[in-house]
Amino acid sequence: MHRTAPRLARLLACAAVPVMLVATGCSGDGGAEKKSSSPSAPASAPGASPSVKAATFAKLPPEVCKTIAEKTIDSLVPKAKKKEGEALPTSDANDSASCFWNGLNDEDVKDLQFRSLTVSYKRLASDPTLGSGEKRAEKFAEQQVTKATTADGAKDAKTGKAEGIGDGANLVATDTKKDDDDYRNATVVTRTGNVVVTVKYSGAGFQGAKNPAADDIAKGAQDAAKEAVAAVAAANKG
């Protein structure tokens, strides 16, 4: 009886330990079981977020209306009301920015030509729950292309690839009517890294003047888009 007393006392002591601590090792073998058990894998830190690739570009061009050269504006929007452009309101200029130009060339009263150009930027940051900035930008670009096909009541839109602009670009050509005037429009939606650039260029001949050729409008939109994309890289140098 005296030989078993120490062992009995040890068992009673273990029985009083809370269940959550039993695994630390009370046994009749004096700890042999503890030595033979293999270490468990460390648990993940509570609330840890999955990693996501950092976005390519941290900011947009600081002055959106200066992303298109003056000589380009002279060519695309002759006699623009504001050659310096008009920056459109935005809640955060580092995430989105737009500039607008328009003008009526009335040098020849028999050939009144109206032109407008809008350049817009959207920067998508990387987010652990939403994905990388590049993936988010791809989705946003797709949405912009779809939007362009029906903007201003457009019908029978023609969509195709635009080569040599950013990491991938689409060109949407449409015809629309406003105040009895027919407009020809070209919208280029392109992605560069995690930034989406949308350029819309429109033209119309007023009071019976001939409308601009669709190819000329498409080329103008693509020329402006190339400059807008280059401005993103320039703003993030260094």
Side-chain angles (χ1 to χ4, degrees), residues 51-77 80 82-102 115-149 151 159-173 185-202 217-238:
S51 59
V52 61
K53 180 183 176 182
T56 303
F57 297 117
K59 58 186 177 180
L60 295 180
E63 297 181 85
V64 60
C65 292
K66 291 187 177 181
T67 59
I68 307 300
E70 285 190 11
K71 65 179 182 179
T72 302
I73 298 302
D74 287 337
S75 174
L76 299 184
V77 191
K82 293 183 178 181
K83 186 182 292 189
E84 69 275 16
E86 179 181 351
L88 303 182
T90 178
S91 58
D92 187 344
N94 197 44
D95 286 337
S96 61
S98 298
C99 191
F100 173 73
W101 296 262
N102 72 336
R115 300 289 187 273
S116 70
L117 175 70
T118 304
V119 176
S120 299
Y121 292 91
K122 179 67 175 178
R123 187 183 72 89
L124 289 304
S126 293
D127 186 288
T129 59
L130 300 176
S132 69
E134 280 72 11
K135 288 296 184 182
R136 296 182 66 201
E138 287 178 4
K139 292 179 181 179
F140 183 78
E142 291 173 0
Q143 294 169 359
Q144 289 296 94
V145 171
T146 300
K147 183 178 178 180
T149 61
T159 303
K161 296 294 183 181
E163 301 297 333
I165 308 176
D167 296 324
N170 284 279
L171 172 67
V172 181
N185 318 289
T187 301
V188 174
V189 180
T190 182
R191 179 184 67 84
T192 175
N194 57 307
V195 175
V196 176
V197 179
T198 304
V199 173
K200 182 177 181 180
Y201 183 45
S202 299
I217 295 296
K219 182 180 183 304
Q222 292 176 81
D223 289 343
K226 290 176 183 178
E227 291 187 21
V229 166
V232 177
N236 285 271
K237 279 185 177 179

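In this chain, numbering begins with 1 at the start of the sequence shown. Note that these values count all heavy atoms, side chains included, but never hydrogens, waters or copies made by symmetry.
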With distance as the sole test, does [X] use its side chain to make a donor-acceptor pair with the main-chain N or O of [Y] at under 3.5 Å?
X	Y	value
S126	K53	yes
E227	A69	yes
R136	A125	yes
T67	A231	no
Y201	L76	yes
T192	V195	no

Does the side chain of [X] reach to within under 4.5 Å of the side chain of [Y], using non-hydrogen atoms?
X	Y	result
K161	N170	yes
T198	T187	yes
S116	T118	no
V172	V189	no

Set of salt bridge (Lys or Arg N to Asp or Glu O under 4.0 Å) partners for R191, sequence neighbours left out:
E138, D167
Using every non-hydrogen atom in the two residues, find where [X] and [Y] come nearest and quote the distance to one decimal.
X	Y	result
S202	N185	OG-OD1, 2.7 Å
A221	A186	CB-O, 3.8 Å
A97	V64	CB-CB, 4.0 Å
P128	V52	N-CG1, 4.0 Å
V196	A137	CG2-O, 3.3 Å
R115	V77	O-CG1, 3.7 Å

Any chance you could measure [X], atom [atom1], to [Y], atom [atom2], to the nearest 0.5 Å?
X	Y	atom1	atom2	value
W101	I73	CH2	CD1	4.5 Å
K147	F140	NZ	CZ	7.5 Å
S120	Q144	OG	CD	7.5 Å
D223	I68	CG	CD1	10.0 Å
S98	K122	OG	NZ	10.0 Å
K226	T190	NZ	OG1	11.0 Å

Test side-chain contact (heavy atoms from CB on, under 4.5 Å) applied to T56 - qualifying residues, sequence neighbours left out
E134, N194
Is there any side-chain hydrogen bond (donor to acceptor under 3.5 Å, both in side chains) pair reaching into residues 84-95, and which pairs are they, with sequence neighbours excluded?
T90-S96, D95-R123
